[in-house]
Trainee: 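Just dropping this structure here.
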Amino acid sequence: MYNFTSIPQSSLVNPGADVSYKYYFGFPVLSGISANVGSSSFSAYDLFSNDGVDFNQKVRDVINKSSSKDKVVTNQQLEIFSGGFRVGGRESRSYISFGLYQEFDFFMFVPKDLALLALNGNRDYIGKSFNLGDLNMKAEVLSVFHVGFHKKVNDKFVYGGRAKIYSSGANATSTKNSGYIYTGEQPGTPNLYNQIISSNLELKTSGLARFTKDEYEGNVIRDIAHNTFFNGSLGFGVDAGITYYIKDNLQFTASVVDLGFVRQTKDIETLTYKGTYQYNGANPDFLGSDDPENVFDEFDRAIPRDTLHNKYTTWRPTKIYSSIQYSFGEKRSDECNCHGNVEKFYKNAAGLQVFGMSAPREPLVALTAFYRRNIFRKLDLKATYTLDTFSNKNIGLGLSGAIGPVNIYALVNNVLEYKDISKASSAAFQLGINFVFQDRED
C-alpha cells in the first residue's frame, strides 16, 4: 500500500503522498479491508497438520524450537467510510481527507519458559529458573476517526498531516512483568526441594471487566462493538509525511503514523500478583503435600491477587515508513490522464522501502524492494520482495485499476506460500473499492 498512489488509501500510511483528485469517497465498509498475521517461529501447519502426531506433542515441538524473542502479531482493519476533496479551486493543490475505521491489534512474545513449565512441569528442570518476564502481550480493538490535509507546494515537494481521535472498545496489556520460578534440590537430601516463586505480574484491562462478572447477561461481541464506536476510552494521535522529488524521476518519501496514545478510563481493572513465596519439602508442585490447603493458603498470603481500578495510558504502535523510488519509461500525459494535472508520467518505477514499528522490548523492522508498472491506461501493478521478522522470501503483488470513476484494488503478500497457506509464517491482504473523480480535462 505504501506509495501506491493510484489508491486513495495510500495517504493513510503517508499523509504527504503525491495523490491528486477533485474528490473521492470510499464504498461504505468495502473501501478498505485488510488483515495480516505473522509468527516468527511456527506456522498453522506445525500445529494443525493431519500427520498423525498428537496435538500436545506438536505444541511441545513448537515451544522447543521457539525462543522468548519470537513474536506472534496480528492486525486487522475495516474502513467504515472515507472521502477527500480538493480545496481552493481548480488550480489548487491542497486536499482534505477524512474517514473512520476499526482496528484490532495483537502482539505477543512467545512465553517459552512458562509454556515449558505448564507442559512438562518442573521435574526435569531442577536447578532451572523460569523467567516470568517471558509473559509479554497486548491486545486492543478501537475505532479511529481522522481528518487529514496535504498540499503539493510545487513540483518537487508535498507535505501532509493527519489528526486522529481514538476510541478504544477493549484493551488488555501485560508488558511489565518480572520474576522467576526456581526449583532446587537441597544438598544431601535428594528427595527434598527448595522452590522459590518471585512474582511481579500485572494485567491491565479496559472495557473487559464487566464480561467476567457472573451477573453479565449481554452479548460480548455486540457490547465491545458498541464501546468501540460510541463509548470507548478516548485518545489522540497524529500522522505526518512528505514526498520530495530529488529529480523528476527520483523520489524520496517518509512518514510517521500513529504517534499517539489512549487514556484508558472505561471499565478499567488491573490484576496483580506480587510477592515472594518459598517452599521447602517434597513435591514442590503441591500435588502430594500432606496438607495442601495449608500450602495454598501460605501461597495466597505470600503472593496475593490484588484488583485495582486505576486509569492508565497506552501508546499506539507507532510506524515509520520511508522509500526511495526511481522512475523510468517516460510517457506523455495525453496517453494517460489518471494522475491529475501532470505533464508527464513514467510507466515503470523501482526502489526500496523501509518500515519500522514500535513494540515491547524491540521494534519490528522490514526492508522491501519493489517494482511498479503501469500496464494499461488505468491499471497499475506493484510487485514486492520483503525481508522482515517473519520471512526472507516474502513476495507480494498488488493491483489497482479503474473503470470510469470506480477504483478497485487488491494486494496480497507471501504469494509463494499460497499453494499451502497453512505453512506460511505470515500472510496479509488488503482490498477495497473507491469512487475517484477528476476534473474533465484531467
Trainee: Check whether any side-chain heavy atom of L47 sits under 4.5 Å from a side-chain heavy atom of V62, and report yes or no.
Mentor: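 In contact.
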
Trainee: Does the side chain of S68 come within less than 4.5 Å of N131's, by heavy atoms?
Mentor: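 A side-chain contact is absent here, since even the closest heavy-atom pair is not under 4.5 Å.
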
Trainee: Step through the shown structure and confirm whether more than 12 heavy atoms of other residues, nucleotides or ligands are within 6.0 Å of CZ on F27.
Mentor: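 Open: at most 12 neighbouring heavy atoms sit under 6.0 Å from CZ of F27.
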
Trainee: Would you indicate whether the side-chain heavy atoms of F157 and I242 approach each other to under 4.5 Å?
Mentor: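 Counting from C-beta outward, I242 and F157 do come under 4.5 Å.
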
Trainee: Looking only at the side chains, is there a donor atom on one of Q264 and T314 sitting less than 3.5 Å from an acceptor on the other?
Mentor: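 Side-chain D/A pair, Q264 to T314: present.
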
Trainee: Ignoring hydrogens and geometry, is there a side-chain-to-backbone donor-acceptor pair from S358 to T318 under 3.5 Å?
Mentor: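 Answer holds: yes.
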
Trainee: Take atom NZ of K213 as the centre, draw a 6.0 Å sphere, and report whether it contains more than 12 heavy atoms from other residues, nucleotides or ligands.
Mentor: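 More than 12 within 6.0 Å, yes.
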
Trainee: Answer yes or no: are there more than 12 heavy-atom neighbours, outside F328 itself, under 6.0 Å from its atom CZ?
Mentor: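 Check passes, neighbour count above 12.
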
Trainee: Give me the atom names and distance for the closest heavy-atom approach of S400 to N407.
Mentor: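 For S400 and N407, the tightest heavy-atom pair comes out as OG-ND2, 3.2 Å.
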
Trainee: Could you tell me if the side chain of F149 sits less than 4.5 Å from the side chain of V147, heavy atoms only?
Mentor: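 A side-chain contact is absent here, since even the closest heavy-atom pair is not under 4.5 Å.
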
Trainee: List the atom of S41, the atom of K65, and the distance in Å for their closest heavy-atom pair.
Mentor: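 Looking at all heavy atoms of both residues, the shortest contact is O-CE, 3.0 Å.
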
Trainee: CD1 of I165 to CG of L142: how many Å apart, nearest 0.5 Å?
Mentor: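 Those atoms lie 12.5 Å apart.
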
Trainee: Within the 3.5 Å criterion, strictly below it, is a donor on S94 or K151 matched to an acceptor on the partner's side chain?
Mentor: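 Side-chain D/A pair, S94 to K151: present.
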
Trainee: Test S199 against L132 for side chain to side chain contact (heavy atoms under 4.5 Å, CB included), laying out the working first.
Mentor: CA-CA 7 Å; S199 175; L132 298 182; 4.1 Å; yes

Trainee: Will you find, in the side chains of S34 and N36, an N or O donor that is under 3.5 Å from an N or O acceptor?
Mentor: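 Absent: no donor and acceptor within the cut-off.
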
Trainee: Please report the shortest heavy-atom distance between S425 and S391, naming the atom on each side.
Mentor: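 In this case the closest contact between S425 and S391 is OG-CB, 3.9 Å.
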
Trainee: Judged by modelled atom types alone, do Q251 and D18 share a side-chain donor-acceptor pair under 3.5 Å?
Mentor: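 Checked: Q251/D18 side chains show no N/O donor-acceptor pair below 3.5 Å.
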
Trainee: For the pair K112 and D70, evaluate salt bridge (Lys or Arg N to Asp or Glu O under 4.0 Å) and give the outcome as yes or no after the intermediate values.
Mentor: CA-CA 9 Å; K112 179 164 185 172; D70 284 314; over 6 Å; no

Trainee: Check whether N50 reaches the backbone of G52 with its side chain - one donor and one acceptor, N or O, closer than 3.5 Å.
Mentor: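 No, N50 side chain to G52 backbone: no donor-acceptor pair under 3.5 Å.
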
Trainee: Under 3.5 Å, side chain of S206 to main-chain N/O of I268, donor-acceptor pair present?
Mentor: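 Side chain of S206 to backbone of I268, a donor-acceptor pair under 3.5 Å: no, none is there.
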
Trainee: So, do Y216 and F211 have ring centers that fall under 6.0 Å from each other?
Mentor: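 Yes - the distance between ring centres of Y216 and F211 falls below the 6.0 Å cut-off.
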
Trainee: May I ask you to decide if the ring planes of F145 and F81 are parallel, tilted or perpendicular, using 30° and 60° as cut-offs?
Mentor: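 The arrangement is tilted - the two ring planes meet at 30° to 60°.
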
Trainee: Work out which heavy atom in L208 is nearest to a heavy atom in D267; give both atom names and the distance.
Mentor: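 Closest approach of L208 to D267: N-OD2, 3.5 Å.
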
Trainee: Closer than 3.5 angstrom, by distance alone: can the side chain of E269 be matched with the main-chain N or O of R210 as a donor-acceptor pair?
Mentor: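 Between the backbone of R210 and the side chain of E269 there is no qualifying donor-acceptor contact (under 3.5 Å).
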
Trainee: Crowded around K176 NZ? As in, over 12 foreign heavy atoms under 6.0 Å?
Mentor: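 No.
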
Trainee: If the threshold is 4.0 Å, N to carboxylate O, is there a salt bridge linking K319 and D239?
Mentor: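 Between D239 and K319 there is no salt bridge, as every charged N stays at least 4.0 Å from the carboxylate O atoms.
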
Trainee: Under 3.5 Å, side chain of S322 to main-chain N/O of V354, donor-acceptor pair present?
Mentor: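 Not a single qualifying donor-acceptor pair exists.
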
Trainee: Step by step, would you call Q76 with Q102 a side-chain hydrogen bond (donor to acceptor under 3.5 Å, both in side chains)?
Mentor: CA-CA 8 Å; Q76 168 270 327; Q102 169 269 326; 2.8 Å; yes

Trainee: Yes or no on side-chain hydrogen bond (donor to acceptor under 3.5 Å, both in side chains) for N310 and T270, after CA distance, side-chain angles and deciding distance?
Mentor: CA-CA 7 Å; N310 299 327; T270 298; over 6 Å; no

Trainee: Could R316 and D105 be called an ion pair, given the rule that one side-chain N must be under 4.0 Å from one carboxylate O?
Mentor: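 Result for this pair is yes, salt bridge flagged.
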
Trainee: Is a side-chain N or O of S129 found less than 3.5 angstrom from the main chain of Y182, in a donor-acceptor match?
Mentor: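 Pair absent, no side-chain N/O of S129 close to backbone of Y182.
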
Trainee: With W315 as reference, evaluate Y166, F261, F236 under the ring pair (Phe, Tyr, Trp, His ring centres under 6.0 Å) test and give the passing residue.
Mentor: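 Option passing the ring pair (Phe, Tyr, Trp, His ring centres under 6.0 Å) with W315: F261.
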
Trainee: For S167 and T228, indicate whether the former's side chain and the latter's backbone hold a donor-acceptor pair under 3.5 Å.
Mentor: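 Yes, the answer is positive, given that a donor and an acceptor are paired below the 3.5 Å cut-off.
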
Trainee: Does K382 make a cation-pi contact with F370 (under 6.0 Å, within 45 degrees of the axis)?
Mentor: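 Judged by the rule (NZ or CZ under 6.0 Å from the ring centre, within 45° of its axis), K382 counts as positioned above F370.
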
Trainee: Is there side-chain contact between P8 and V436, with heavy atoms separated by less than 4.5 Å?
Mentor: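 Of all side-chain heavy-atom pairs linking V436 with P8, at least one is under 4.5 Å.
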
Trainee: Are any side-chain N or O atoms of N434 and backbone N or O atoms of V406, one a donor and one an acceptor, separated by less than 3.5 Å?
Mentor: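 A pair under 3.5 Å: no.
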
Trainee: Do we see a donor-acceptor contact under 3.5 Å between the side chains of D248 and Y346?
Mentor: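 Result is no, nothing qualifies.
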
Trainee: Could you measure the distance from the CG atom of L119 to the CG atom of L114? Nearest 0.5 Å is fine.
Mentor: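 So the CG of L119 and the CG of L114 are separated by 11.0 Å.
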
Trainee: Decide yes or no for S11 and R162: does some side-chain heavy atom of the first lie under 4.5 Å from some side-chain heavy atom of the second?
Mentor: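 A side-chain contact exists here, since the closest heavy-atom pair is under 4.5 Å.
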
Trainee: Under a plain distance cut-off of 3.5 Å, with no hydrogens placed, do Q9 and Q77 share a side-chain donor-acceptor pair?
Mentor: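 Not at all, the side chains of Q77 and Q9 share no donor-acceptor pair under 3.5 Å.
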
Trainee: Any idea how Y21 and H150 line up, ring-wise: parallel (<30°), tilted (30 to 60°), or perpendicular (>60°)?
Mentor: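 Y21 and H150: perpendicular rings.
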
Trainee: Do E417 and K393 have side-chain heavy atoms sitting under 4.5 Å apart?
Mentor: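 E417 reaches K393 side chain to side chain.
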
Trainee: Where do R305 and L271 come nearest, in terms of heavy atoms and distance?
Mentor: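 Shortest heavy-atom contact: NH2-CD2, 3.8 Å.
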
Trainee: Verify, without hydrogens or angle tests, whether T243 (side chain) and V158 (backbone) share a donor-acceptor contact under 3.5 angstrom.
Mentor: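 No; zero donor-acceptor contacts below 3.5 Å.
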
Trainee: Can any side-chain N or O of K71 pair as donor or acceptor with the backbone N or O of K69 at less than 3.5 Å?
Mentor: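 Indeed, once roles are kept as given, a pair shorter than 3.5 Å links the two residues.
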
Trainee: Any side-chain donor-acceptor pair under 3.5 Å between T386 and D388?
Mentor: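 There is no such pair (donor and acceptor under 3.5 Å, judged by atom type) between the side chains of T386 and D388.
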
Trainee: Before you tell me yes or no, could you show the steps for T5 and S10 under side-chain hydrogen bond (donor to acceptor under 3.5 Å, both in side chains), namely the whole-Å CA-CA distance, both residues' side-chain angles and the distance that decides it to 0.1 Å?
Mentor: CA-CA 6 Å; T5 53; S10 63; 5.8 Å; no

Trainee: At what distance, to the nearest 0.5 angstrom, does OH of Y409 lie from CG of D380?
Mentor: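 If I round to the nearest 0.5 Å, the distance is 14.5 Å.
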
Trainee: When rounded to the nearest 0.5 angstrom, what is the spacing between CG in N348 and CZ in R372?
Mentor: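 N348 atom CG to R372 atom CZ measures 8.0 Å (nearest 0.5 Å).
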
Trainee: Can you confirm whether the side chains of Y125 and N120 place a donor and an acceptor under 3.5 Å from each other?
Mentor: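 On atom types as modelled, these side chains qualify, holding a pair under 3.5 Å.
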
Trainee: Heavy-atom count around K156 NZ within 6.0 Å, excluding the residue itself: above 12?
Mentor: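 Atom NZ in K156 is packed in, count exceeds 12.
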
Trainee: Would you call K274 and D306 a salt bridge, taking side-chain N to carboxylate O under 4.0 Å as the test?
Mentor: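 No, K274 and D306 are not salt-bridged.
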
Trainee: With rounding to the nearest 0.5 Å, note down the distance linking OG1 in T307 to CG in L203.
Mentor: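 Rounded to the nearest 0.5 Å, the OG1-CG separation comes to 10.5 Å.
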
Trainee: Mind listing the closest non-hydrogen atom pair of R263 and T313 along with its distance?
Mentor: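 It is NH1-OG1, 2.8 Å.
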
Trainee: Just by distance, no angles: are the side chains of T368 and Y2 close enough, under 3.5 Å, to form a donor-acceptor pair?
Mentor: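 Not at all, the side chains of T368 and Y2 share no donor-acceptor pair under 3.5 Å.
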
Trainee: Over 60° means perpendicular and under 30° means parallel, so classify the ring planes of F104 and F106, tilted if in between.
Mentor: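 Ring orientation of F106 relative to F104: parallel.
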
Trainee: Atom CG of N394 and atom CG of N414: how far apart are they, to the nearest 0.5 Å?
Mentor: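 It is 4.0 Å, given to the nearest 0.5 Å.
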
Trainee: Measure the shortest side-chain to side-chain distance between Y24 and P405 over non-hydrogen atoms and say whether it is less than 4.5 angstrom.
Mentor: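 A side-chain contact under 4.5 Å is absent here.
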
